[in-house]
Amino acid sequence: GSLVVAELACRFDPAGGHVVYELVRRCVAEAAVESPPKRLQEGDDGVRALAPRIEQLASILQEALGIGMFGFDVLLGDETFHLVGLSLLPPEPLGIAEDLPAAMASHLFDECQQRAVRADICGAVNDPRQTVDLVVSQHPEWRQVDGDTVGVQVLSASTRGDKTGLVVGLTAPGKSPLICRLRGVIERTAFEKAIADEMMGTPGVPLVGSYFGSQVLVGYTEPMVRGVQLEKVVVEVNRRRLCRHLGAALRTVHEKGVEAQSPDFLGVPLCVSRMRSNAIIAWEAIRHVEELRPQFCEIFPAVLSYDIANLPVEARVEVFGHFDINLTNVLVDLAAPPEEAPRVHFIDWEQAGPNVAAYDFGKFLVSYAIAVTVSDDELQSMVDNLTEGYAPEWSRAAKRRFKTGVLAMMPYVAALNFMSNVRHASTEDGARWVTRGAMHHRAWRRYRSAWESVVHEAGAPSLASLGEASSERTSTRLDGLQVEACEAR
C-alpha cells in the first residue's frame, strides 16, 4: 500500500567506519517487494551489525517525539533504511510480549522519578540556598557547619529540559571551598560524577534524594578549582603560554582511562554520532528558523562530505575527550608560579567521551576565534604552540600532520555547532541561538578550506570534484534539499 516514508540514505566508508545520514526526501511511495523480506531476529549477526544505526534512529525519534517509549518498524536495504511504522506501543512485540507490562511499568516509574528530580532541581535554581541544606546534611566534613554562614555563588543554572541543572560555589568559615553540581538528567549524573572523580583525583561526595522509595543520585560535590573562566580574561592572557599549557592539559585528559561510558555513545567517536543527530534534526528544524536558512543550505552539503577517515592518523586517533572546550569551560590560574602560569583546568564534563584527538583542539580554536579577532598567522602560531604543549617529543613530520588535522577540524566543529544551534533555535530562545548560529556559520566559512586541504592531501574527492564526476546525481540531491529544506513547504 501507500506509505509515508522518511528515507535516510547512508554512505559507508569501510576504511573509516564513517556513516553520513542524508535525509533525501519525504514522499509517498508504493511498496513493491519482489521477494518477501527476511525478518531479523535478536542474536543474528545482522542485528548486531545494524544495532548502532537502529539506536541512532531511535535516539532521533525519541528527541523529535518527546516521548520515551514507542515502537517503530524499519525496512533495511544495503545503503538505505525506511521508517515505515511508528506507534506508541510496539504493535507486535517480538519475544517480549510477556515482559511488556513490566517494561511499561518500569518506564513509567523511571519517568515519574525523573520528572520529580527535575522539578526539585528547578526549585533549587530558583532558590540556590537549598543546596546548602543538601550539602550540610550529606557532606561528612560539613555536618557541623552553620548553614547561615555559608556563602553561595551561582556559577551556572538552567531550567531548560535536559539542560536542567545548577552549579554553585560554596564557602564556609574554616572549610575548603566546594563546588556543588545538581543535574536534572538522572542517567547522566553518575556518568559525570565518575569523570569528575577521575579528573580531580579524589572522589566527590554524592548527593542523593529519596523518590518513590528509591535513593537517586541528584548531584555531587567536588573541590573548587582555582582560576577564572578564560572568557573573562582572554585578552589579558599571554596567548603563546596559554596554548602551550592548554595543549599539555589536553594531553593529560586524552591519556586518562575513564571507564564510565557516555549515555549517548554509539560505538563511533562522539563527533561523528553527534554530527549525524544534529544534522538530521536540523534538517527538519530549519523550517522554523527562517533567519538561518541561507546559511544552512550552504553548510549542509559540506556536512554530507565530511569523513574523519580523511584526517591524518595523529589527528583521528581515538581518545577520551572533553568535547566542549569553549572559553567558559577553561579555567586559568593567573596566580600560579610564573613558570606554570597560566595553569589550565577544564570544567563541565557532561559531554565528554570517546572522540578523535583533534576535536578538542578544533573546538577551542573556533571558540577563541569567535571571541577574539585572530589573523591567519596568529592562528597558525596558536596551533604550533598547542602542538608543542601536547606532543613535544613527536617528530617534525608527525607534528605537521597533527597541525593539519587540527585546522581541518575547525570547519567540522563550526558546522556541528551550527546544526546544534539550529536545533535549539527551533524550540528555545530563538534570538540567542540564531546569533550563535550566525557566528558559527562565519567561522565555518572562514576556515572551510582547511578541510578541503586535508581531503586533497588524503587523496579523497572533494565536494566540488564529486559534483564534476557525477554532476547529475549530486545536482539532483542538492536540488531536492533546496526544495525540501530551504523553501516553505
Side-chain angles (χ1 to χ4, degrees), residues 68 109-143 145-172 175-200 202-225 227 229 258 260 262-264 322-324 326 328-329 331 345-353 424 428-429:
F109 178 85
D110 292 343
E111 181 65 21
C112 290
Q113 198 174 61
Q114 173 64 80
R115 293 189 182 194
V117 169
R118 190 167 295 173
D120 279 356
I121 293 180
C122 286
V125 170
N126 294 326
D127 179 14
R129 291 204 65 84
Q130 290 183 21
T131 59
V132 175
D133 293 336
L134 189 62
V135 171
V136 168
S137 65
Q138 298 192 29
H139 196 294
E141 297 180 9
W142 282 55
R143 295 259 170 88
V145 171
D146 181 354
D148 293 336
T149 66
V150 176
V152 179
Q153 179 187 8
V154 176
L155 303 178
S156 66
S158 174
T159 57
R160 297 193 304 271
D162 288 348
K163 298 291 186 180
T164 299
L166 175 65
V167 182
V168 298
L170 302 178
T171 56
K175 300 295 181 183
S176 298
L178 287 179
I179 295 290
C180 172
R181 298 183 183 274
L182 302 181
R183 191 77 162 87
V185 181
I186 293 175
E187 67 174 1
R188 297 201 68 91
T189 307
F191 164 71
E192 292 172 23
K193 182 181 181 302
I195 294 177
D197 290 350
E198 181 71 29
M199 297 304 165
M200 293 294 177
T202 56
V205 174
L207 303 174
V208 300
S210 180
Y211 295 87
F212 305 107
S214 299
Q215 295 294 302
V216 176
L217 181 70
V218 298
Y220 55 93
T221 67
E222 61 188 38
M224 183 175 289
V225 178
Q229 288 175 314
V258 179
S262 172
D264 66 340
H322 184 285
F323 195 84
D324 197 20
N326 62 60
T328 61
N329 289 338
L331 296 186
H345 299 280
F346 305 117
I347 59 173
D348 290 349
W349 296 89
E350 63 185 44
Q351 297 190 54
H424 289 297
E428 300 176 24
D429 178 7

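Partners of Glu222 by salt bridge (Lys or Arg N to Asp or Glu O under 4.0 Å), not counting sequence neighbours, listed by chain and number: Arg181. Under the side-chain hydrogen bond (donor to acceptor under 3.5 Å, both in side chains) criterion, Thr164 pairs with no residue, sequence neighbours left out. Partners of Arg115 under the salt bridge (Lys or Arg N to Asp or Glu O under 4.0 Å) rule, at least two apart in sequence or in another chain, are Glu111. Every residue meeting the side-chain contact (heavy atoms from CB on, under 4.5 Å) condition with Asp146, not counting sequence neighbours, appears here in chain and number order: Asp148, Thr149. For the salt bridge (Lys or Arg N to Asp or Glu O under 4.0 Å) test, residues two or more places apart in sequence or in another chain that qualify with Asp197 are Lys193. With sequence neighbours left out, the side-chain contact (heavy atoms from CB on, under 4.5 Å) criterion links Leu155 to Gln153, Val167, Ile179. For Thr328, the side-chain hydrogen bond (donor to acceptor under 3.5 Å, both in side chains) partners two or more places apart in sequence, or in a different chain, are Asn326. Listed by chain and number, the residues in a ring pair (Phe, Tyr, Trp, His ring centres under 6.0 Å) with Phe323 are Tyr359 (sequence neighbours excluded). By the side-chain contact (heavy atoms from CB on, under 4.5 Å) test, Thr171 is found to be paired with Pro177, residues two or more places apart in sequence or in another chain being considered. Looking at residues two or more places apart in sequence or on another chain, you find no side-chain hydrogen bond (donor to acceptor under 3.5 Å, both in side chains) involving Arg188.
Taking 4.5 Å as the limit, every side-chain heavy atom of Gln114 sits out of range of all side-chain heavy atoms of Tyr211. Looking at Asp324 and Phe346, their side chains never come closer than 4.5 Å, going by heavy atoms from C-beta outward. In this structure, Leu217 and Leu207 have side chains that are not in contact, with every pair of non-hydrogen atoms separated by 4.5 Å or more. Considering only heavy atoms from C-beta on, Gln113 comes within 4.5 Å of Ile186 through its side chain. Contact check for Phe109 versus Ser214: side-chain heavy atoms found under the 4.5 Å cut-off.
Pairing each heavy atom of Leu166 with each of Pro128, the nearest pair is CD2-CA, 4.4 Å. For the pair Phe212 and Ala116, the tightest heavy-atom approach, listed with the atom from each and the gap, is CE1-CB, 4.2 Å. The minimum heavy-atom distance between Ile121 and Gly165, with the atom names listed, is CG2-CA, 4.0 Å. Across every non-hydrogen atom of Ala352 and Ser262, the tightest pair is O-CB, 3.6 Å.
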side-chain contact (heavy atoms from CB on, under 4.5 Å) evaluation trace for Arg183 with Tyr220: CA-CA 9 Å; Arg183 191 77 162 87; Tyr220 55 93; over 6 Å; no

Tabulate below the donor-acceptor pairs under 3.5 Å that side-chain atoms of residues 132-139 make, not counting sequence neighbours, or state none.
{"from": "Ser137", "atom 1": "OG", "to": "Asp133", "atom 2": "O", "distance (Å)": "3.0"}
{"from": "Ser137", "atom 1": "OG", "to": "Leu134", "atom 2": "O", "distance (Å)": "2.9"}
{"from": "Gln138", "atom 1": "OE1", "to": "Val208", "atom 2": "N", "distance (Å)": "2.9"}
{"from": "Gln138", "atom 1": "NE2", "to": "Val208", "atom 2": "O", "distance (Å)": "2.8"}
{"from": "His139", "atom 1": "ND1", "to": "Glu141", "atom 2": "N", "distance (Å)": "3.1"}

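Between the His322 side chain and the Glu350 main chain, no donor and acceptor come within less than 3.5 Å of each other. The backbone N or O of Gly123 lies less than 3.5 Å from no partner atom in the side chain of Asp127, so there is not a single donor-acceptor pair. Under a 3.5 Å cut-off, the side chain of Thr189 and the backbone N or O of Val185 do form a donor-acceptor pair.
Here Ile347 contributes atom CD1 and His345 contributes atom NE2; the two are 11.0 Å apart, rounded to the nearest 0.5 Å. Here Thr221 contributes atom OG1 and Trp142 contributes atom CH2; the two are 9.0 Å apart, rounded to the nearest 0.5 Å. With rounding to the nearest 0.5 Å, the separation of CG in Asp348 from CG in Asn329 is 4.5 Å.
A salt bridge (charged side-chain N to carboxylate O under 4.0 Å, His left out) check over residues 116-126, counting only residues at least two apart or in different chains, returns the pairs Arg118-Asp162.
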